[in-house]
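For reference, the structure discussed in these notes is given below.
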Amino acid sequence: MKILRKERGGHMLDSKLIRNNPESVKKGLKVRQGDSSLVDKFLAVDEEWRKVTIEVEELQAKRNKVSDEIAEMKKNKQDASRIITQMKEVSARIKELTDKQKESETAAQKIALEMPNLPHLSVPEGMDSRDNREVRTHGKKPSFKFQPKAHDELGRNLGILNFEQAAKISGARFVVYHGLGAQLERALINFMLDLHTKEHGYQEVMTPVLVNAKSMTGTGQLPKFEEDLFATRDDNFYLIPTAEVSVTNLHADEILEGEKLPVKYACYSPCFRREAGSYGKDVKGIIRQHQFNKVELVKFVQPDKSYDELEKLTKDAESVLQKLGLAYRVVELSTGDLGFSSAKTYDIEVWFPSENQYREISSCSNFESFQARRAGIRFRSNPKAKPEFIHTLNGSGLAVGRTFAAILENFQLEDGSVEIPKVLQPYLGGQKKLEA
RNA sequence: GGAGAGGUGUCCGAGUGGUUGAAGGAGCACGCCUGGAAAGCGUGUAUACCGCAAGGUAUCGAGAGUUCGAAUCUCUCCCUCUCCGCCA
């Protein structure tokens, strides 16, 4: 029976919301280019579930009552065999109905887990990324008196990036960092973690990068996006595509104390993505790799604060770019471009001179209670209050490889050397420049 | 990998087939007591689902089974701990 409870809790959207406001849920799904027919499918199965459940519970109530009577009779040495025979039938019927109940339960869950989150009302409506809205820009784009080179060319020439070796030992979409390159990557990780832990109040964690299917379901990667994930062959593990998965699930099936909120974590981890369906896209350089490093920020907050916290989270991520001196802009994703689990997302895009365009380097999202419902993360606003679903947020702070690439491109000199941003120099033994 | 032990409510901990949602204790909350506090005494202290409600149902690691009835019996799995082996 426990599984029933768990599965009910496993819905992404509140099943009561779907039941009571099917039209607004449909609208929400439509506006983000989702499949609104899922609502009617869910409702049909849910109705069946409720019908069976009511009957099951009535019979169970009867069984419980008669069982007590049988116990009483036996105690008084009375013959109970007639009732026992009757109850055999009742039990058989319960079994039958329970199977049916489980069936509709599973079906309802399957549908519900496929439903994406509903967008927040402030999110601009749109079909796709072309309808995203620029919120602000920051920093001055560098101007060059020469043709700026792409980061992969710079990295190769400096001897700090080696794609051939990576292809040899692994395959396409991998890279090997050498010497100061490896050190720069490490410096960036340390710089970001120090900034977020010392100045922004995040608690540092380091988690497993291999997680189970339950965790992947909790944050929304499963069941729908299995093809994007790497999995281990002989054990039931998935490699995390982002530390969001392991960090958010840190508090799965927990009830947090309201006074301790917000809980904020910063986590460095390697991330693994199959990039299925992105063949031919960003094949050059380190922009799109199967494995990359990222410092992730994750927050658990009270629902009424989550949108303020999203603004703060985005600014925390932005401050990394500000300190590094990289030009960027913040973009608000339209309903059509929103990630599966997100209610609202800001992308931070850093300037890439060789491409003459901004590219995503961070994605900051408010998931509201979507992940909390799937993962069972709740809080009590005070010790006596009823538990409520918490709101979860996360954002890259930042994608390290892309930051590495942006530094090479933005701070390159005509001779192919690269100036190291001041804030990173202490992390590199005072080194001021990358030179061949 | 081998051998063994164990998984019960916020925590500790009883419970081996019948009013056990679950003894007892701790903690916490409220009340009494007190000049105030401690002690002491009393009361309360899970979650989810269905239902307008009354109420009902479920939950003692997970799943399956035996039974009229399972926290208690059987099987499978997961996890934790101890010892041995191996090892960064």
Side-chain angles (χ1 to χ4, degrees), chain A residues 1-20 42-43 45-109 112 206 208-218 232 234-238 246 249-260 270 369 372-390:
Chain A
M1 284 311 115
K2 188 151 194 181
I3 203 181
L4 294 180
R5 199 195 77 210
K6 276 197 175 158
E7 287 173 352
R8 300 302 288 179
H11 294 168
M12 41 178 19
L13 297 176
D14 187 353
S15 41
K16 279 182 194 154
L17 177 72
I18 307 175
R19 236 176 253 152
N20 300 335
F42 174 84
L43 256 23
V45 183
D46 181 64
E47 180 55 37
E48 173 66 18
W49 175 83
R50 269 195 300 173
K51 225 180 76 194
V52 177
T53 297
I54 287 168
E55 201 181 339
V56 166
E57 292 189 356
E58 275 169 5
L59 288 175
Q60 284 172 329
K62 182 175 179 187
R63 181 177 70 185
N64 289 344
K65 199 170 143 249
V66 176
S67 285
D68 288 347
E69 287 170 20
I70 291 171
E72 189 64 23
M73 288 173 82
K74 290 216 164 178
K75 218 164 84 186
N76 299 333
K77 308 256 192 249
Q78 292 173 276
D79 177 30
S81 58
R82 233 189 70 224
I83 315 188
I84 288 176
T85 312
Q86 274 174 26
M87 289 317 286
K88 266 186 197 187
E89 273 172 55
V90 173
S91 278
R93 178 73 179 143
I94 288 175
K95 173 90 176 64
E96 205 175 295
L97 287 171
T98 304
D99 289 346
K100 224 161 138 192
Q101 183 189 31
K102 230 169 283 175
E103 227 170 84
S104 19
E105 182 58 53
T106 307
Q109 184 202 28
M206 200 176 276
V209 299
L210 255 38
V211 302
N212 56 31
K214 183 172 181 280
S215 296
M216 285 292 186
T217 308
T232 57
D234 295 327
D235 308 278
N236 294 319
F237 292 124
Y238 291 91
S246 43
N249 281 288
L250 244 30
H251 295 298
D253 299 317
E254 286 185 15
I255 301 174
L256 304 180
E257 292 173 42
E259 305 89 86
K260 297 203 174 143
S369 61
R373 280 175 205 286
R374 297 168 75 107
I377 312 170
R378 292 173 297 169
F379 79 102
R380 254 187 258 272
S381 51
N382 67 69
K384 291 201 151 179
K386 259 189 149 352
E388 299 170 55
F389 286 111
I390 213 164

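In what follows, chains carry the letters A, B, and so on, assigned in the order in which the sequence lines appear, proteins first and then strands, with residues in each chain numbered from 1.
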- Considering heavy-atom distances to RNA chain B, does A:R380 or A:A61 have its closest nucleotide positioned more toward the 5' end? A:R380
- Message: Looking at A:R19, I'd like to know whether one of its side-chain N or O atoms comes within less than 4.0 Å of OP1 or OP2 on B:C50.
- Response: yes
- Phosphate contact (B:G69 OP1 or OP2) by A:N64 side-chain N/O below 4.0 Å: no
- Item | Spacing of A:E58 atom CD relative to B:C50 atom P, expressed in whole Å | 16 Å
- After noting the C-alpha distance and the side-chain angles of A:N212 and A:N236, does the key distance pass the side chain to side chain contact (heavy atoms under 4.5 Å, CB included) rule? CA-CA 6 Å; A:N212 56 31; A:N236 294 319; over 6 Å; no
- Item | Euclidean distance, atom CD1 of residue A:I255 to atom C1' of B:C11 [Å, nearest integer] | 15 Å
- Rounded to whole Å, CZ of A:R373 lies from P of B:A48 at a distance of 12 Å
- Item | Interatomic distance at P, B:C84 relative to B:U45, whole Å | 48 Å
- Item | Length of the line joining A:D253:CG and B:A62:C1', which is rounded to integer Å | 13 Å
- Query: Nearest-Å distance, CD (A:Q101) to C1' (B:C49)?
  - Reply: 10 Å
- Can you find a pair of side-chain heavy atoms, one from A:I390 and one from A:R378, that are under 4.5 Å apart? no
- Query: Distance from A:W49 atom CH2 to A:Q101 atom CD, nearest 0.5 Å?
  - Reply: 6.5 Å
- What is the distance, rounded to the nearest whole Å, between atom CZ of A:F237 and atom P of B:C78? 11 Å
- B:C50 P sits how many Å from A:Q60 CD, rounded? 15 Å
- Item | OP1 or OP2 of B:U67 under 4.0 Å from side-chain N/O of A:R63 | no
- Task: Stems involving RNA chain B: give each as a range paired with a range, ordered by first number, where a stem means at least three consecutive Watson-Crick or G-U wobble pairs under 3.5 Å.
- Result: B:1-7 with B:78-84, B:10-12 with B:24-26, B:27-32 with B:40-45, B:46-50 with B:55-59, B:61-65 with B:73-77
- Within a strict 4.5 Å, meaning less than it, do heavy atoms of the A:V90 and A:Q86 side chains meet? no
- Item | Rounded distance (Å) that lies between atom P of B:U47 and atom CZ of A:F389 | 13 Å
- Query: Taking only N and O in the side chain of A:K74, is any of them less than 4.0 Å away from OP1 or OP2 of B:G17?
  - Reply: no
- Can you list, by residue number, the residues of residues 81-95 of chain A that have a non-hydrogen atom closer than 4.0 angstrom to RNA chain B? A:I84, A:M87, A:K88, A:S91, A:K95
- Distance between P atoms of B:A22 and B:U10 (Å, rounded): 15 Å
- Message: Under 4.0 Å, heavy atoms only, any strand: does A:K75 hit a base, just the sugar-phosphate, or nothing?
- Response: nothing
- Query: Starting at the 5' end of RNA chain B, which residue's closest nucleotide do you reach first, A:R378 or A:A71?
  - Reply: A:A71
Atom pairs, N/O to N/O, protein against nucleotides 28-30 of chain B, distance under 3.5 Å?
| unit_1 | atom_1 | unit_2 | atom_2 | d |
| --- | --- | --- | --- | --- |
| B:A29 | O2' | A:K384 | NZ | 3.3 |

- Do the side-chain N and O atoms of A:D235 and A:T232 include a donor-acceptor pair separated by under 3.5 angstrom? no
